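Residue numbering restarts at 1 for every chain, and letters A, B, ... go by the order of the sequence lines. Predicted model, so just to flag it, every value in this text is computed and none were measured.
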There are 2 protein chains.
Amino acid sequence: MSYVSGVSAIPSTVFKALADPTRRSIFERLCRDGEQTVWMLTRHARISQPAVSKHLAALRSAGLVRARCEGRETHYRAEPHGLSPLIDWIGLYAAFWGERLDRLEALLQGMDK
Amino acid sequence: MSYVSGVSAIPSTVFKALADPTRRSIFERLCRDGEQTVWMLTRHARISQPAVSKHLAALRSAGLVRARCEGRETHYRAEPHGLSPLIDWIGLYAAFWGERLDRLEALLQGMDK
DNA sequence: CAAACACATATCCGGACAGTTATGGTTTAT
DNA sequence: ATAAACCATAACTGTCCGGATATGTGTTTG
(Lines give C-alpha, C1' and ligand atoms only; values in the text may rest on other atoms or scores of the structure.)
Protein backbone atom coordinates (compact mmCIF):
# COMPACT_ATOMS: atom_id res chain seq x y z
CA MET A 1 0.00 0.00 0.00
CA SER A 2 1.27 3.39 -0.91
CA TYR A 3 1.39 6.19 1.56
CA VAL A 4 -0.87 8.47 -0.37
CA SER A 5 -3.74 6.03 -0.32
CA GLY A 6 -5.67 6.47 2.88
CA VAL A 7 -4.86 10.14 3.08
CA SER A 8 -7.97 12.23 2.80
CA ALA A 9 -7.46 14.87 0.16
CA ILE A 10 -9.46 17.44 2.08
CA PRO A 11 -6.72 18.80 4.33
CA SER A 12 -4.27 18.91 1.44
CA THR A 13 -5.83 22.00 -0.09
CA VAL A 14 -6.00 23.66 3.31
CA PHE A 15 -2.36 22.90 4.08
CA LYS A 16 -1.26 24.08 0.67
CA ALA A 17 -3.35 27.23 0.97
CA LEU A 18 -1.79 28.11 4.31
CA ALA A 19 1.73 27.12 3.30
CA ASP A 20 2.29 30.39 1.46
CA PRO A 21 3.18 33.27 3.83
CA THR A 22 1.43 35.93 1.76
CA ARG A 23 -1.74 33.87 1.57
CA ARG A 24 -1.61 33.16 5.29
CA SER A 25 -1.16 36.86 6.00
CA ILE A 26 -4.24 37.71 3.97
CA PHE A 27 -6.19 35.10 5.87
CA GLU A 28 -4.92 36.42 9.19
CA ARG A 29 -5.90 39.95 8.25
CA LEU A 30 -9.40 38.82 7.35
CA CYS A 31 -9.62 37.12 10.73
CA ARG A 32 -8.42 40.19 12.63
CA ASP A 33 -10.10 43.03 10.77
CA GLY A 34 -13.16 41.29 9.37
CA GLU A 35 -14.58 41.70 5.89
CA GLN A 36 -12.36 43.38 3.33
CA THR A 37 -12.62 44.32 -0.32
CA VAL A 38 -9.97 43.22 -2.78
CA TRP A 39 -8.46 46.66 -3.22
CA MET A 40 -8.33 47.14 0.56
CA LEU A 41 -6.28 43.96 0.76
CA THR A 42 -4.19 45.02 -2.23
CA ARG A 43 -3.42 48.39 -0.63
CA HIS A 44 -1.62 46.74 2.26
CA ALA A 45 0.16 44.15 0.17
CA ARG A 46 3.29 44.65 -1.88
CA ILE A 47 1.93 42.57 -4.70
CA SER A 48 -0.36 43.44 -7.59
CA GLN A 49 -4.12 43.19 -7.49
CA PRO A 50 -4.29 40.12 -9.76
CA ALA A 51 -1.88 38.37 -7.40
CA VAL A 52 -4.20 39.12 -4.49
CA SER A 53 -7.17 37.85 -6.48
CA LYS A 54 -5.35 34.62 -7.22
CA HIS A 55 -4.52 34.13 -3.54
CA LEU A 56 -8.13 34.80 -2.63
CA ALA A 57 -9.24 32.25 -5.21
CA ALA A 58 -6.91 29.68 -3.64
CA LEU A 59 -8.20 30.44 -0.15
CA ARG A 60 -11.76 30.28 -1.45
CA SER A 61 -11.09 26.94 -3.13
CA ALA A 62 -9.79 25.64 0.19
CA GLY A 63 -12.92 26.77 1.99
CA LEU A 64 -11.05 29.25 4.14
CA VAL A 65 -12.73 32.34 2.70
CA ARG A 66 -16.13 33.43 1.38
CA ALA A 67 -16.86 36.09 -1.22
CA ARG A 68 -19.80 38.50 -1.12
CA CYS A 69 -20.39 40.50 -4.27
CA GLU A 70 -21.84 43.94 -3.78
CA GLY A 71 -21.99 46.09 -6.87
CA ARG A 72 -18.62 46.42 -8.48
CA GLU A 73 -16.69 45.42 -5.38
CA THR A 74 -16.28 42.01 -3.79
CA HIS A 75 -16.05 41.61 -0.05
CA TYR A 76 -14.11 38.68 1.37
CA ARG A 77 -14.38 37.29 4.88
CA ALA A 78 -12.86 34.36 6.75
CA GLU A 79 -14.92 31.21 6.71
CA PRO A 80 -15.61 29.77 10.19
CA HIS A 81 -15.58 26.14 9.13
CA GLY A 82 -12.49 26.52 7.01
CA LEU A 83 -10.00 25.35 9.59
CA SER A 84 -12.07 22.33 10.59
CA PRO A 85 -10.16 19.80 8.46
CA LEU A 86 -6.94 21.12 9.93
CA ILE A 87 -8.22 20.86 13.49
CA ASP A 88 -9.55 17.38 12.82
CA TRP A 89 -6.24 16.26 11.36
CA ILE A 90 -4.28 17.62 14.30
CA GLY A 91 -6.64 15.96 16.74
CA LEU A 92 -6.18 12.71 14.86
CA TYR A 93 -2.41 12.61 14.82
CA ALA A 94 -1.50 14.70 17.83
CA ALA A 95 -3.28 12.11 19.95
CA PHE A 96 -0.40 9.68 19.57
CA TRP A 97 1.84 11.42 22.04
CA GLY A 98 1.37 12.61 25.58
CA GLU A 99 1.49 16.33 25.22
CA ARG A 100 -1.92 16.33 23.62
CA LEU A 101 -3.99 17.24 26.63
CA ASP A 102 -1.50 19.77 27.95
CA ARG A 103 -1.21 21.81 24.83
CA LEU A 104 -4.84 21.69 23.85
CA GLU A 105 -6.09 22.40 27.33
CA ALA A 106 -3.75 25.36 27.48
CA LEU A 107 -5.19 26.37 24.16
CA LEU A 108 -8.67 26.32 25.60
CA GLN A 109 -7.52 28.25 28.65
CA GLY A 110 -6.32 31.10 26.50
CA MET A 111 -9.56 31.12 24.60
CA ASP A 112 -11.98 31.90 27.40
CA LYS A 113 -14.33 34.70 26.51
CA MET B 1 3.11 47.63 6.10
CA SER B 2 3.38 44.48 4.09
CA TYR B 3 1.50 41.38 5.02
CA VAL B 4 4.51 39.22 5.45
CA SER B 5 5.99 41.37 8.16
CA GLY B 6 4.52 40.33 11.46
CA VAL B 7 4.14 36.75 10.37
CA SER B 8 6.32 34.47 12.42
CA ALA B 9 8.41 32.34 10.11
CA ILE B 10 8.20 29.35 12.42
CA PRO B 11 4.91 27.86 11.24
CA SER B 12 5.85 28.38 7.61
CA THR B 13 8.24 25.44 7.54
CA VAL B 14 5.70 23.29 9.35
CA PHE B 15 2.91 24.20 6.95
CA LYS B 16 5.13 23.64 3.95
CA ALA B 17 6.35 20.33 5.33
CA LEU B 18 2.80 19.08 5.82
CA ALA B 19 1.49 20.47 2.53
CA ASP B 20 2.91 17.55 0.55
CA PRO B 21 0.71 14.43 0.75
CA THR B 22 3.61 12.00 0.61
CA ARG B 23 5.45 13.81 3.37
CA ARG B 24 2.30 13.97 5.48
CA SER B 25 1.77 10.24 4.96
CA ILE B 26 5.26 9.49 6.18
CA PHE B 27 4.66 11.62 9.23
CA GLU B 28 1.33 9.90 9.87
CA ARG B 29 2.96 6.51 9.60
CA LEU B 30 5.63 7.49 12.10
CA CYS B 31 2.88 8.63 14.45
CA ARG B 32 0.90 5.40 14.09
CA ASP B 33 3.61 2.75 13.96
CA GLY B 34 6.38 4.45 15.91
CA GLU B 35 10.06 4.45 15.06
CA GLN B 36 10.99 3.36 11.53
CA THR B 37 14.17 3.00 9.55
CA VAL B 38 14.54 4.65 6.17
CA TRP B 39 14.32 1.45 4.17
CA MET B 40 11.22 0.39 6.14
CA LEU B 41 9.60 3.65 5.07
CA THR B 42 10.89 3.20 1.54
CA ARG B 43 9.45 -0.29 1.31
CA HIS B 44 5.91 1.01 1.77
CA ALA B 45 6.36 4.03 -0.49
CA ARG B 46 6.23 4.08 -4.27
CA ILE B 47 9.13 6.46 -4.44
CA SER B 48 12.86 5.89 -4.35
CA GLN B 49 14.96 5.86 -1.20
CA PRO B 50 16.62 9.22 -1.92
CA ALA B 51 13.17 10.75 -2.26
CA VAL B 52 12.23 9.37 1.15
CA SER B 53 15.45 10.75 2.61
CA LYS B 54 14.70 14.17 1.21
CA HIS B 55 11.22 14.12 2.69
CA LEU B 56 12.64 13.06 6.02
CA ALA B 57 15.16 15.89 5.85
CA ALA B 58 12.33 18.35 5.25
CA LEU B 59 10.32 16.97 8.15
CA ARG B 60 13.42 17.05 10.32
CA SER B 61 14.12 20.65 9.34
CA ALA B 62 10.57 21.54 10.35
CA GLY B 63 11.04 19.90 13.74
CA LEU B 64 8.41 17.26 13.07
CA VAL B 65 10.80 14.32 13.16
CA ARG B 66 13.91 13.20 14.99
CA ALA B 67 16.68 10.92 13.73
CA ARG B 68 18.49 8.32 15.81
CA CYS B 69 21.59 6.81 14.22
CA GLU B 70 22.35 3.20 15.13
CA GLY B 71 25.14 1.63 13.17
CA ARG B 72 24.49 1.82 9.47
CA GLU B 73 20.79 2.43 9.83
CA THR B 74 18.94 5.54 10.94
CA HIS B 75 15.73 5.36 12.90
CA TYR B 76 13.20 8.17 12.57
CA ARG B 77 10.41 8.98 14.98
CA ALA B 78 7.75 11.69 15.25
CA GLU B 79 8.72 14.66 17.38
CA PRO B 80 6.18 15.48 20.12
CA HIS B 81 6.72 19.23 20.05
CA GLY B 82 6.69 19.40 16.27
CA LEU B 83 3.05 20.36 15.90
CA SER B 84 3.20 23.02 18.60
CA PRO B 85 3.62 25.97 16.22
CA LEU B 86 0.67 24.71 14.25
CA ILE B 87 -1.50 24.33 17.33
CA ASP B 88 -0.46 27.76 18.57
CA TRP B 89 -1.28 29.33 15.23
CA ILE B 90 -4.69 27.70 15.08
CA GLY B 91 -5.44 28.79 18.62
CA LEU B 92 -4.44 32.30 17.69
CA TYR B 93 -6.58 32.71 14.61
CA ALA B 94 -9.40 30.27 15.26
CA ALA B 95 -10.27 32.36 18.29
CA PHE B 96 -11.80 35.02 16.08
CA TRP B 97 -14.96 33.10 15.39
CA GLY B 98 -17.49 31.38 17.58
CA GLU B 99 -17.01 27.75 16.71
CA ARG B 100 -13.75 27.69 18.59
CA LEU B 101 -14.99 26.11 21.80
CA ASP B 102 -17.27 23.66 20.07
CA ARG B 103 -14.71 22.16 17.78
CA LEU B 104 -11.84 22.12 20.22
CA GLU B 105 -13.91 20.75 23.05
CA ALA B 106 -15.11 18.04 20.72
CA LEU B 107 -11.48 17.43 19.91
CA LEU B 108 -10.67 16.91 23.56
CA GLN B 109 -13.67 14.63 23.94
CA GLY B 110 -12.40 12.30 21.29
CA MET B 111 -8.97 12.19 22.83
CA ASP B 112 -9.77 10.80 26.24
CA LYS B 113 -7.86 7.70 25.04
C1' DC C 1 40.15 -7.13 2.81
C1' DA C 2 36.45 -7.15 -0.28
C1' DA C 3 31.63 -7.04 -1.02
C1' DA C 4 27.11 -5.93 0.21
C1' DC C 5 24.16 -2.91 2.84
C1' DA C 6 21.95 1.54 4.70
C1' DC C 7 21.69 6.13 4.13
C1' DA C 8 22.85 10.72 2.51
C1' DT C 9 24.11 13.93 -1.01
C1' DA C 10 24.74 15.74 -5.94
C1' DT C 11 22.89 16.57 -10.21
C1' DC C 12 19.46 16.84 -13.43
C1' DC C 13 14.61 17.13 -15.26
C1' DG C 14 9.64 18.16 -15.68
C1' DG C 15 5.78 20.20 -13.57
C1' DA C 16 3.71 23.25 -10.27
C1' DC C 17 3.45 27.87 -8.53
C1' DA C 18 3.85 32.87 -7.34
C1' DG C 19 4.58 36.91 -9.55
C1' DT C 20 4.10 40.18 -13.40
C1' DT C 21 1.53 42.86 -17.41
C1' DA C 22 -2.36 42.96 -20.46
C1' DT C 23 -7.14 42.61 -21.13
C1' DG C 24 -12.18 41.87 -20.52
C1' DG C 25 -16.56 42.55 -17.87
C1' DT C 26 -19.36 44.86 -14.78
C1' DT C 27 -20.64 48.71 -12.02
C1' DT C 28 -20.48 53.55 -10.54
C1' DA C 29 -19.52 58.41 -11.50
C1' DT C 30 -19.31 62.57 -14.47
C1' DA D 1 -22.79 58.24 -23.15
C1' DT D 2 -18.25 58.28 -21.81
C1' DA D 3 -14.93 57.59 -18.40
C1' DA D 4 -13.19 55.70 -14.37
C1' DA D 5 -13.17 52.27 -10.78
C1' DC D 6 -13.18 47.33 -9.10
C1' DC D 7 -12.29 42.79 -9.94
C1' DA D 8 -11.38 38.53 -12.53
C1' DT D 9 -9.07 35.99 -16.07
C1' DA D 10 -5.41 35.09 -19.68
C1' DA D 11 -0.86 34.62 -21.08
C1' DC D 12 3.80 34.68 -19.92
C1' DT D 13 8.14 34.21 -17.04
C1' DG D 14 11.37 32.90 -13.43
C1' DT D 15 11.76 30.06 -9.46
C1' DC D 16 10.94 26.35 -6.42
C1' DC D 17 10.04 21.56 -5.65
C1' DG D 18 9.27 16.52 -6.02
C1' DG D 19 10.91 12.85 -8.56
C1' DA D 20 14.59 10.04 -10.73
C1' DT D 21 19.53 8.22 -11.33
C1' DA D 22 24.31 8.33 -9.99
C1' DT D 23 27.67 8.57 -6.55
C1' DG D 24 29.91 9.00 -1.93
C1' DT D 25 30.49 7.73 3.12
C1' DG D 26 30.20 4.79 6.76
C1' DT D 27 28.95 0.00 8.56
C1' DT D 28 28.27 -4.76 8.62
C1' DT D 29 29.11 -9.30 6.55
C1' DG D 30 31.66 -13.03 4.16
(message) I'd like to know if the side chain of A/T22 pairs up with that of A/R46 as donor and acceptor (distance under 3.5 Å, no hydrogens or angles considered).
(response) no
(request) Assign A/R60 to base, sugar-phosphate, or nothing according to its heavy-atom contacts below 4.0 angstrom with the strands shown. (result) nothing
(message) Let me check the geometry of the helix from C/dC1-D/dG30 to C/dT30-D/dA1. What is the bend angle between the axes at its two ends, five pairs each, to 10°?
(response) 10°
(request) Begin with the C-alpha distance, continue with both residues' side-chain angles, and end with the deciding distance and a verdict on side-chain contact (heavy atoms from CB on, under 4.5 Å) for B/F27 and B/L83. (result) CA-CA 11 Å; B/F27 177 74; B/L83 289 180; 4.3 Å; yes
(request) For B/T37, check side-chain contact (heavy atoms from CB on, under 4.5 Å) against everything at least two apart and list the hits. (result) B/W39, B/M40, B/E73, B/H75
Could I get a table of every N or O pair under 3.5 Å where one atom is in the protein and the other is in nucleotides 7-9 of chain D?
| residue | atom | partner | partner atom | Å |
| --- | --- | --- | --- | --- |
| D/dC7 | OP1 | A/V38 | N | 3.1 |
| D/dC7 | OP1 | A/T74 | N | 3.3 |
| D/dC7 | OP2 | A/W39 | N | 2.7 |
| D/dC7 | O3' | A/T74 | OG1 | 3.4 |
| D/dA8 | OP1 | A/Y76 | OH | 2.5 |
| D/dA8 | OP2 | A/S53 | OG | 2.6 |
| D/dA8 | N7 | A/Q49 | NE2 | 3.0 |

(request) Name all residues meeting the side-chain contact (heavy atoms from CB on, under 4.5 Å) criterion together with A/A19; count only those two or more places apart in sequence or in a different chain, and write none if there are none. (result) B/F15, B/K16, B/A19
(message) I want to confirm an ordering. Mapping B/A51 and A/E70 to their closest nucleotides on DNA chain C, which one lands closer to the 5' end?
(response) B/A51
(message) Which residues pass the side-chain contact (heavy atoms from CB on, under 4.5 Å) test with A/R77, not counting sequence neighbours?
(response) A/E35, A/R66, A/E79, A/P80
Ignoring hydrogens and angles, write down the donor-acceptor pairs under 3.5 Å from the side chains of residues 53-65 of chain A, residues two or more places apart or on other chains.
| residue | atom | partner | partner atom | Å |
| --- | --- | --- | --- | --- |
| A/S53 | OG | A/Q49 | NE2 | 3.0 |

(message) Restricting to non-hydrogen atoms, name the atom on B/R23 and the atom on B/A17 that form the minimum distance, rounded to 0.1 Å.
(response) NE-O, 2.9 Å
(request) Specify the closest pair of heavy atoms between A/A78 and A/L30, including all atoms of both residues, with the distance to one decimal. (result) N-CB, 4.2 Å
(request) Quick one: do A/R29 and A/L41 satisfy side-chain contact (heavy atoms from CB on, under 4.5 Å)? Show the steps, please. (result) CA-CA 9 Å; A/R29 181 177 183 87; A/L41 294 169; 3.9 Å; yes
(message) I'd like the 5' and 3' limits of the part of DNA chain C contacted by chain B, with heavy-atom contacts below 4.0 Å.
(response) C/dC5 to C/dT9
(message) What is the distance, to the nearest angstrom, from the CD1 atom on B/I47 to the C1' atom on D/dA20?
(response) 11 Å
(message) List the residues meeting side-chain contact (heavy atoms from CB on, under 4.5 Å) with A/S48, not counting sequence neighbours, and say none if there are none.
(response) A/P50, A/A51
